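Along the sequence shown, residues are numbered consecutively beginning with 1. Here the structure is a predicted model, which means the values were calculated and not measured.
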Amino acid sequence: MEELEKDPRIAQKIKRFRNKQAQMKHIFTEPDEDLFNPDYVEVDRVLEVAHTKDAETGEEVTHYLVKWCSLPYEESTWELEEDVDPAKVKEFESLQVLPEIKHVERPASDSWQKLEKSREYKNSNQLREYQLEGMNWLLFNWYNRKNCILADEMGLGKTIQSITFLSEIFLRGIHGPFLIIAPLSTITNWEREFRTWTEMNAIVYHGSQISRQMIQQYEMVYRDAQGNPLSGVFKFHVVITTFEMILADCPELKKIHWGRWKDILTHGRFKWHLNEKDMEMICRALLVYCVKHYKGDEKIKSFIWELITPTKDGQAQTLQNHSGLSAPVPRGRKGKKTKNQLLLPELKNADWLATCNPEVVLHDDGYKKHLKQHCNKVLLRVRMLYYLKAEILGEAADKAFEGTPARELDVPLPDIDYMEIPVDWWDAEADKSLLIGVFKHGYERYNAMRADPALCFLEKVGMPDEKSLSAEQGVTEGTSDIPERQHG
């Protein structure tokens, strides 16, 4: 045991184990007494300083706003200077110095060099051989602009490998900000390991609204003499938070250019585990909202309404002969405006609206405003896709989704004068691929159509630019090239 305790990391784990053991013993042997956590009197961070004068002596008195270990920010208290750990005061003072703003680019991929042995990190910590291998691999992928996943057995130090990887980037002059998104049960461990291994300022963004407001006020930005935040300069190097916090409330984090924010939100939404019925309900709510604010042809409004109205037997509606499918598309903003309400006789009998009321389902007022501005476009595109499926593709629609090549699908095409064509090689096969591509990938998703091997465009003109394809899909960087590494 004495040999093990010489390793500072193991000593910390033994200390935490013994503390938990003592707490459990206290719980079972003295159930009538309140358990006191000694962390509650240990200074975690100093947030602010205040200088006042003693009313009696006139001497200057210094107080520090202290956040205590294991307690939320909202339970921070003002303490006299002599009652605060001097090391924490020094740490606080170092963070008040405005850093030199210097933009450093990511190094070129050919400048990467493998670290043959672990450097000595804070508290004389060093990586074990297999941890060094993992950290080198993370660094190699970063140099080569590749996304990656580090997988390993539990307890072998994936957190430490990730933290030392960020530390290596930090030592190269790139001081973040870095964003860590982790399960709630692990965020305190992430914070502890950052403090144990690095000199980076890592903060945890979590807690009640009051705690989050205090984090935003004291921990995030530097301020001028008037208390106004300085744009683009952050006090922290690392923010540790949870997916729920990202999705629910991060006004300050959203202002920071993380580079992959859209990806984070896209992947984060999967945590809600939406099933097919949920998606159907959300789509109905969106279209009901658009129908309510639609200013165009009443026939088209009637068509959309019938399309989204559930049938008694749960089968798909058959609307091929609906007058709304053949109604001309309104141009511009001309025409008589109607009041913003559904003028449909079926509304009184629409009991199904109770489960997909847009005023209940759609919470984001900004998104509803955007949807209202573009409701005409949404409904006309829905009508176009239905027309493509029902009137043109027919049985070929399902086969197209299954991946059947366009050349093998029977799609009737009208006689077309090919005197005016977009490129020299354009023919009937290209027309068929375009129709199928719009149905499969959506309106104006030309890069996705070009990359689809079931269509003719990949063979004729090759793959589109990766950045263009990613941008079209609403992603800032490509996510298809994600190597995975797993220790044996």
Colleague: So do the side chains of W190 and V238 get within less than 4.5 Å of each other, counting heavy atoms only?
Modeller: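 Of all side-chain heavy-atom pairs linking V238 with W190, none is under 4.5 Å.
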Colleague: So among R450, M449, M463, which one has a side-chain contact (heavy atoms from CB on, under 4.5 Å) with L458?
Modeller: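 Of all the options given, the one that passes is M463.
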Colleague: Looking only at atom types and distance, does a side-chain atom of Q131 sit under 3.5 Å from a main-chain N or O of L156, one as donor and one as acceptor?
Modeller: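 Yes; at least one donor-acceptor contact below 3.5 Å.
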Colleague: Going from CD on E280 to SG on C356, what distance comes out if it is rounded to the nearest 0.5 angstrom?
Modeller: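 Those atoms lie 9.0 Å apart.
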Colleague: Return yes when atom CD of E60 has more than 12 non-hydrogen atoms of other residues, nucleotides or ligands closer than 6.0 Å, and no otherwise.
Modeller: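 More than 12 within 6.0 Å, yes.
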Colleague: Determine whether a donor-acceptor pair (N or O, by modelled atom type, separation under 3.5 Å) exists between the side chain of T242 and the backbone of M245.
Modeller: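 Between the backbone of M245 and the side chain of T242 there is a qualifying donor-acceptor contact (under 3.5 Å).
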Colleague: For a 4.5 angstrom cut-off between non-hydrogen side-chain atoms, does M200 reach F178?
Modeller: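 Result yes, sub-4.5 Å side-chain heavy-atom pair found.
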Colleague: For the residue pair T77 and W68, confirm or rule out a side-chain donor-acceptor distance under 3.5 Å.
Modeller: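 Yes, side-chain donor-acceptor contact under 3.5 Å.
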Colleague: What's the separation between atom CZ in F234 and atom NE2 in H175, rounded to the nearest 0.5 Å?
Modeller: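 Between atom CZ of F234 and atom NE2 of H175 there are 15.0 Å.
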Colleague: Does a side-chain heavy-atom distance below 4.5 Å link M220 with Y205?
Modeller: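 M220 vs Y205: side chains touch.
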Colleague: Could you check whether any side-chain N or O of K235 sits under 3.5 Å from a backbone N or O of Y218, counting only pairs where one atom can act as donor and the other as acceptor?
Modeller: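 Checking the backbone N and O of Y218 against the side chain of K235, a donor-acceptor pair under 3.5 Å is found.
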Colleague: Any salt bridge linking D44 with R195? Criterion: basic side-chain nitrogen under 4.0 Å from a carboxylate oxygen.
Modeller: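 So D44 pairs with R195 through a salt bridge.
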Colleague: Would you check if there is a donor-acceptor pair between the side chains of E193 and T159 at a distance under 3.5 Å?
Modeller: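 Distance-only check fails for T159 and E193.
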Colleague: Do N123 side-chain atoms and N125 backbone N/O form a donor-acceptor pair below 3.5 Å?
Modeller: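 No: the side chain of N123 does not pair with the backbone of N125.
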Colleague: Evaluate E199 against H237 for side-chain contact (heavy atoms from CB on, under 4.5 Å), listing each step before the verdict.
Modeller: CA-CA 10 Å; E199 299 293 344; H237 303 120; over 6 Å; no
Colleague: Supply the atom-to-atom distance Y73 OH to L47 CG, rounded to the nearest 0.5 angstrom.
Modeller: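 Reported to 0.5 Å precision, the distance equals 6.0 Å.
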